[in-house]
Amino acid sequence: MGRGVLEVLLVDAKGLAGNDFLGRLDPYVVVQYRSQERKSSTARDQGRNPSWNEVFKFQINSTAANVQHKLILRILDHDNLSSDDFLGEASINVADLISIGVEKGTSELNLARYSVVTADNSYRGEIKVAITFTAAKVE
């Protein structure tokens with residue numbers, strides 16, 4: 001497939017599900033590409049409409065065409081007294097983005113909202129991200 005850097009701009013989320021014991025959500029996002037994971041900061045006291053504005057980078061080094069190229073954004077609620085609660089996740093297929101980037105040197109998915117799927121497979125809220133792939137220079 002290709003080599004390079006996948007850069008994810010995590011902007012915000014709107015209308016998240018879930019209710020905390022004390023009525024406050026402190027959401028954060030675990031961004032995963034294959035075996036690589038990055039964790040956002042916790043959006044303290046921002047409730048169902050948190051904002052992060054953080055950038056995460058993933059090294060892409062894949063020559064196999066049959067490998068799944070999916071970006072998973074898992075949203076969790078930070079809890080001090082118990083385990084963190086799963087609020088939902090969004091999944092974005094980045095195979096075409098990587099292919100085009102390898103061909104042209106760079107490609108991007110402009111800022112867009114993606115539906116958040118909860119544990120019961122219903123849609124609740126959305127998360128806004130932009131994604132850029134920059135191919136490694138071939139020497």
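Quick note: numbers below take in every heavy atom, side chains included, and nothing from hydrogens, waters or symmetry partners.
Lys57 and Glu7 are joined by a salt bridge, as a carboxylate oxygen and a charged side-chain nitrogen come within less than 4.0 angstrom of each other.
Of the possible polar contacts, one joining the Ser40 side chain to the Val29 backbone as a donor-acceptor pair under 3.5 Å is found. Panel note: side chain Gln32, backbone Arg34; a donor-acceptor pair is recorded below 3.5 Å.
No option in Asp85, Leu16, Asp84 other than Asp85 meets the side chain to side chain contact (heavy atoms under 4.5 Å, CB included) test with Asp77. Just one of Val102, Leu109, Thr106 meets the side chain to side chain contact (heavy atoms under 4.5 Å, CB included) condition when paired with Leu97; it is Leu109.
Ile75 and Tyr28 are members of different hydrophobic clusters when ILVMFWY side chains are connected at heavy-atom separations under 4.5 Å. Linking Ile, Leu, Val, Met, Phe, Trp and Tyr residues whenever their side-chain heavy atoms come within less than 4.5 Å leaves Phe86 and Val31 in two separate clusters. Under the 4.5 Å side-chain heavy-atom criterion for grouping Ile, Leu, Val, Met, Phe, Trp and Tyr, Val94 is not connected to Val11 through any hydrophobic cluster.
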message: side-chain contact (heavy atoms from CB on, under 4.5 Å) for Val30 and Leu76? Distances and angles first, verdict last.
response: CA-CA 8 Å; Val30 175; Leu76 297 126; 3.8 Å; yes

Arg44 vs Arg24, side-chain contact (heavy atoms from CB on, under 4.5 Å): CA-CA, chis, key distance, verdict: CA-CA 9 Å; Arg44 299 247 178 244; Arg24 288 190 329 233; over 6 Å; no

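Closest of all the heavy-atom pairs between Gly101 and Ser107 is N-OG, 3.3 Å. Here the closest heavy-atom approach between residue Asn49 and residue Gly15 is recorded as OD1-N, 2.8 Å. The two atoms that bring Tyr114 and Ala90 nearest to each other are CB-CB, 4.2 Å, heavy atoms only.
Distance CD1/Ile92 to CG/Leu73: 5.0 Å, rounded to 0.5 Å. Atom OG of residue Ser51 and atom NZ of residue Lys14 lie 7.0 Å apart, to the nearest 0.5 angstrom.
Ile100 forms part of no hydrophobic cluster, judged by ILVMFWY side-chain heavy-atom separations under 4.5 Å. Side-chain contacts under 4.5 Å among hydrophobic residues (ILVMFWY), followed directly or transitively, place Ile72 with no other residue at all.
Every side chain to side chain donor-acceptor pair (under 3.5 Å) that Glu54 has, sequence neighbours left out, goes to Ser41. The side chain to side chain donor-acceptor pair (under 3.5 Å) check on Asn110 picks up nothing, with sequence neighbours excluded. Taking Gln36 as the reference, Arg38 meet the side chain to side chain donor-acceptor pair (under 3.5 Å) condition, with sequence neighbours excluded.
Enclosure of atom NZ in Lys70 is not indicated, since only 12 or fewer non-hydrogen atoms of other residues, nucleotides or ligands lie within 6.0 angstrom.
Within the 4.5 Å cutoff, side-chain heavy atoms of Val5 are placed close to those of Gln59. Using a 4.5 Å heavy-atom cutoff, the side chains of Tyr33 and His69 are in contact. Contact annotation: the side chain of Asn53 never approaches that of Leu10 to less than 4.5 Å [non-hydrogen atoms, C-beta and beyond].
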Considering only distance and modelled atom types, tabulate donor-acceptor pairs under 3.5 Å from the side chains of residues 121-135, sequence neighbours left out.
| residue | atom | partner | partner atom | Å |
| --- | --- | --- | --- | --- |
| Ser122 | OG | Thr118 | OG1 | 2.8 |
| Ser122 | OG | Asp120 | OD1 | 2.6 |
| Glu126 | OE2 | Arg113 | NE | 3.3 |

